[in-house]
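Side-chain atoms are counted along with the backbone in the values below, which use heavy atoms only and exclude waters and symmetry mates.
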There are 2 protein chains.
Amino acid sequence: MAKAPTIYDVARRAGVSKSLVSLVLRGSSRVSDEKRAAVLTAVAELDYTPSRLAAGLAGSRTRSVGVVIDEFENLWFAPVLAGLRASLGGYSLSVADAALNAHLGLDPVEAFRSLRVDGLVLAGEVPEAAVQRLGIPAVVLGTRSMLLPGAPLVASDERAGGRLATAHLAELGHRDIVCLSATGASSAAREAGYREEMGERGLAPRVLRAARTTESAAFAAAAGLFEAARGGAAPPAPSAVFAVNDPMAVGVIGAARARGIEVPCGLAVVGYDDSPIAAYETLSLTSVSGDPRELGEVAGRALRELLADAAGPVPAGASGGAREPVPAELGRDAAPGRAAPAPAALLPPRLIVRRSSGA
Amino acid sequence: MAKAPTIYDVARRAGVSKSLVSLVLRGSSRVSDEKRAAVLTAVAELDYTPSRLAAGLAGSRTRSVGVVIDEFENLWFAPVLAGLRASLGGYSLSVADAALNAHLGLDPVEAFRSLRVDGLVLAGEVPEAAVQRLGIPAVVLGTRSMLLPGAPLVASDERAGGRLATAHLAELGHRDIVCLSATGASSAAREAGYREEMGERGLAPRVLRAARTTESAAFAAAAGLFEAARGGAAPPAPSAVFAVNDPMAVGVIGAARARGIEVPCGLAVVGYDDSPIAAYETLSLTSVSGDPRELGEVAGRALRELLADAAGPVPAGASGGAREPVPAELGRDAAPGRAAPAPAALLPPRLIVRRSSGA
DNA sequence: TTGTAAGCGTTATCAC
DNA sequence: GTGATAACGCTTACAA
């Protein structure tokens with residue numbers, strides 16, 4: 001493994017100074033065409049790849065941002081990342097999962113600090129301590145995440161999502177709609193939306209809480225529900241169920257089928273997240289979509305904003321993506337009374353209607 | 001955002017030289033306890049985080065390895081990563097997805113080169129060109145990946161997995177077993193295993209090929225199969241189906257149910273990959289597991305091996321994880337006739353038996 | 001055991 | 001336009 005060629009090698013080969021090479025590589029316009037060509041061929045011939053280590057050390061920025069997510073199993077973050085990448089063009093993203101790192105006693109935020117990233121996207125639970133003394137421009141992405149003084153929050157409006165799902169079922173004529181909820185901030189927000197919508201429509205809310213947010217927990221809870229209804233003494237089986245996530249909706253469908261209840265004829269079901277399984281032909285699950293892609297895009301724009309005024313006037317050439325103004329939602333204060341009120345954006349979710357709701 | 005403290009700041013505050021600080025931080029034993037304590041408190045007080053940029057530049061290694069995967073949607077890689085992390089303790093991993101990067105015209109391998117990673121794990125399709133002139137110790141992880149001269153291959157034996165699934169169904173008494181396959185190297189290997197096992201048992205193979213490896217494509221293909229069987233003229237419906245992945249198995253189950261065929265009573269189904277959905281109570285899918293966790297662990301050990309003799313005699317203190325010898329499988333040659341025959345490991349898959357196969 | 005000093009490969013600031 | 005020449009924050013001989 002021969003050592004990698006350096007900018008010196010390139011300069012020598014092209015017969016110019018190291019500075020000129022640097023200029024060419026950064027796309028400066030004040031370089032003669034011949035010199036530029038000479039440098040470029042030298043680069044190609046040597047298969048030269050500039051060292052980001054050195055560049056970061058010498059320069060004022062690293063042109064990189066760190067993304068902290070909960071865990072890679074969360075399929076949810078894939079489109080988020082795509083969105084981030086789209087609006088954060090020009091920056092290289094590196095991802096770390098809080099769960100695994102924590103398991104190893106490593107703090108992802110600390111890791112990114114030592115990498116000297118220019119900014120941070122916090123999309124997962126992060127150790128309180130590490131976050132307090134951040135010292136790096138950051139945005140919080142998602143809902144269950146903490147509110148950070150100085151860091152804008154970009155999240156999907158899950159309460160609104162809960163209302164959306166409930167309204168859909170109600171408008172389909174259902175009056176006895178059960179909400180299958182669970183623990184956690186997301187579940188709570190979605191459930192709150194359900195309660196609100198039910199209340200406004202004069203319908204009686206009926207919440208069932210599973211032990212966990214998994215398919216099997218939902219299966220068990222729903223099975224219990226149908227079993228009780230069968231007994232006769234308990235309240236009758238509902239005609240519709242809003243599950244706070246898709247796997248749980250699958251659990252409901254399974255439990256119903258086990259009791260001979262078909263979906264959607266005997267029971268209308270709506271899930272949440274519009275995960276890949278929702279689109280399965282076999283399930284065709286109506287689901288609320290938080291549009292993670294857009295979430296990422298908006299968060300990226302917000303961070304870009306932060307980065308821009310942290311670095312002072314327009315870092316020329318930095319506009320790898322569209323530097324449009326941050327959308328209007330980004331105006332409200334997240335915490336009115338705080339010392340450093342950061343703007344917040346709550347993005348409206350959409351309802352993806354499929355067969356499971358019988359629409 | 002005050003500038004981050006440097007090793008100089010720590011040294012000054014602790015009343016020692018920069019070198020001493022460096023020694024302490026790297027856990028050298030040749031440091032007096034007082035000085036060590038002084039340094040440590042200074043570090044804490046200043047909230048000092050060493051710069052990996054500077055460390056990488058100055059040192060001979062960066063203690064980091066790059067992992068290239070296909071796309072983050074591939075849930076498969078999450079446990080792989082966990083395995084890698086386990087055996088690559090001491091190195092920091094960074095992940096890049098080939099798909100998204102390619103979309104942006106970025107070459108992940110090039111990116112890692114400029115980051116000066118010590119090693120590479122190639123778990124996704126990588127541009128041929130970039131790979132040829134690698135110049136970095138690497139291992140190839142997975143199956144559809146290219147064979148790289150000099151890079152060991154660590155993969156799951158999917159042919160064996162295909163046999164496993166088929167044998168399971170055959171031993172359950174099924175004789176008319178259909179293999180629902182698709183395009184791609186993985187599908188081909190799994191299907192080949194099916195054919196082999198059927199052949200050895202004197203059973204007639206019957207392969208159905210879906211247009212894609214998705215649930216919906218499988219649903220369509222399976223629906224066609226049952227429809228034809230119903231007609232009477234065509235061959236009868238099989239009593240068992242081996243689908244080359246879990247979503248496709250779900251498609252089969254759905255199509256069967258649509259025809260009034262219940263699983264497993266009327267049809268036994270086996271999938272592949274043991275993805276999360278396979279464990280769903282509602283599906284309870286028997287599935288072949290390639291044990292991605294172990295795959296990652298073995299690949300990590302192999303890379304560690306490479307890294308060790310690339311860096312010369314035991315880089316003291318590098319043993320962040322177990323430096324056990326690489327397993328026996330790592331002995332065979334991947335490409336006997338090649339210039340640089342790299343060792344290869346084909347890991348045996350396991351069968352996870354659930355209800356869908358009626359066992 | 002501890003300090004000194006020479007790099008490491010860039011960027012950035014000047015002169016020319 | 002182009003080229004010296006300091007930083008940048010750390011590791012690593014080599015001295016002391």
Side-chain angles (χ1 to χ4, degrees), chain A residues 2-39 42-43 46-64 113-116 118 311-312 315-318, chain B residues 2-39 42-43 46 48-64 113-118 311-312 315-318:
Chain A
K3 275 181 69 334
T6 77
I7 198 173
Y8 279 81
D9 301 321
V10 176
R12 193 175 317 122
R13 179 146 194 153
V16 299
S17 74
K18 320 99 192 74
S19 328
L20 225 220
V21 176
S22 182
L23 284 181
V24 170
L25 262 32
R26 321 266 247 44
S28 168
S29 52
R30 305 188 261 284
V31 185
S32 70
D33 286 348
E34 350 171 38
K35 298 277 187 181
R36 180 195 309 285
V39 168
V43 164
L46 293 173
D47 187 22
Y48 166 71
T49 304
S51 161
R52 300 200 58 162
L53 301 179
L57 224 205
S60 51
R61 298 161 316 184
T62 53
R63 295 200 150 296
S64 67
R113 283 216 317 166
S114 79
L115 247 22
R116 300 295 188 260
D118 294 337
Chain B
K3 276 183 68 330
T6 76
I7 198 173
Y8 280 80
D9 301 321
V10 176
R12 193 174 320 122
R13 177 144 194 153
V16 300
S17 75
K18 319 97 188 79
S19 339
L20 224 218
V21 175
S22 182
L23 283 180
V24 170
L25 262 32
R26 322 266 249 37
S28 168
S29 51
R30 304 187 262 284
V31 183
S32 69
D33 286 346
E34 348 172 40
K35 298 279 186 181
R36 180 194 311 285
V39 168
V43 164
L46 293 173
Y48 167 70
T49 304
S51 162
R52 299 200 58 161
L53 300 180
L57 226 204
S60 51
R61 299 160 315 183
T62 53
R63 294 200 148 299
S64 67
R113 284 217 317 165
S114 79
L115 246 22
R116 301 295 188 259
V117 296
D118 293 339

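With sequence neighbours excluded, no residue forms a side chain to side chain contact (heavy atoms under 4.5 Å, CB included) with Ala58(B). Contacts of Ala14(B) classified as side chain to side chain contact (heavy atoms under 4.5 Å, CB included), with partners at least two apart in sequence or in another chain: Val16(B), Ala38(B), Val39(B), Ala42(B). Not a single salt bridge (Lys or Arg N to Asp or Glu O under 4.0 Å) links Arg116(B) to another residue, sequence neighbours left out. Residues satisfying the salt bridge (Lys or Arg N to Asp or Glu O under 4.0 Å) test with Asp118(B), not counting sequence neighbours, are none. Shown here are the salt bridge (Lys or Arg N to Asp or Glu O under 4.0 Å) partners of Arg12(B), two or more places apart in sequence or in another chain: Asp9(B). Partners of Thr49(B) by side-chain hydrogen bond (donor to acceptor under 3.5 Å, both in side chains), not counting sequence neighbours, listed by chain and number: Glu110(A), Arg113(A).
Residues from residues 23-30 of chain B with heavy atoms under 4.0 angstrom of DNA chain D, sorted by number: Arg26(B).
Atom NZ of Lys3(B) and atom P of dA7(D) are 14 Å apart (whole Å). Distance CZ (Arg63(B)) to P (dC10(D)): 17 Å, rounded to an integer number of Å. Distance Tyr8(A) OH to dT10(C) C1': 9 Å, rounded to the nearest Å. The interatomic distance linking Arg61(A) (CZ) with dG9(D) (P) rounds to 16 Å, in whole Å. One interatomic measurement links the two molecules: NZ of Lys35(A) to C1' of dG3(D), which rounds to 10 Å at whole-angstrom precision. In this structure, the CZ atom of Arg52(A) is 18 Å from the C1' atom of dC8(C), given to the nearest Å. The CZ atom of Arg116(A) sits 13 Å away from the P atom of dC8(D) (whole-angstrom rounding). If you take CG of Leu115(B) and P of dG9(C), they are 16 Å apart, rounded to a whole angstrom.
At its two ends the helix from dT1(C)-dA16(D) to dC16(C)-dG1(D) runs along axes set 30° apart, each axis drawn from five pairs and the angle rounded to 10°.
For Ala4(A) and Gly15(B), each mapped to the nucleotide of DNA chain C holding its nearest heavy atom, the one lying further toward the 5' end belongs to Gly15(B).
Nearest heavy-atom pair across Pro5(A) and Asp47(A) is CG-O, 4.0 Å. Closest of all the heavy-atom pairs between Tyr48(B) and Val10(B) is CG-CG2, 3.5 Å. Contact record, Arg63(B) with Arg52(B): O-NH2, 3.3 Å, taken as the closest heavy-atom pair.
Between atom CD1 of residue Ile7(A) and atom CG of residue Leu46(A) there is a gap of 12.0 Å, rounded to the nearest 0.5 Å.
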Mind listing the N/O atom pairs, protein and nucleotides 14-16 of chain D, below 3.5 Å?
none

Distances under 3.5 Å between nitrogen or oxygen atoms of protein and nucleotides 4-6 of chain C:
from, atom 1, to, atom 2, distance (Å)
dT4(C), O4, Ser19(B), OG, 2.5

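When the nucleotides dC10(D), dG3(C), dT10(C) are ranked by their closest atom to the side chain of Ala55(B), dC10(D) comes out on top. In the set dC10(D), dT11(C), dG3(D), the nucleotide with an atom closest to the side chain of Ala58(B) is dC10(D).
Contact annotation: Ser32(A) reaches the phosphate of dT2(D) (side-chain N/O to OP1 or OP2, under 4.0 Å). OP1 or OP2 of dT10(C) has at least one side-chain nitrogen or oxygen of Tyr48(A) nearer than 4.0 Å. Using a 4.0 Å cut-off, some side-chain N or O of Ser22(A) falls inside it from OP1 or OP2 of dT11(C). The side chain of Ser51(A) contributes no N or O atom lying less than 4.0 Å from OP1 or OP2 of dT10(C).
Proximity of Thr62(A) to Leu115(A): side-chain heavy atoms (C-beta onward) are nowhere separated by under 4.5 Å.
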Cut-off 3.5 Å, no hydrogens considered: what does the side-chain donor-acceptor table look like for residues 21-34 of chain A, sequence neighbours left out?
from, atom 1, to, atom 2, distance (Å)
Ser28(A), OG, Arg30(A), N, 3.2
Ser32(A), OG, Lys35(A), N, 3.4

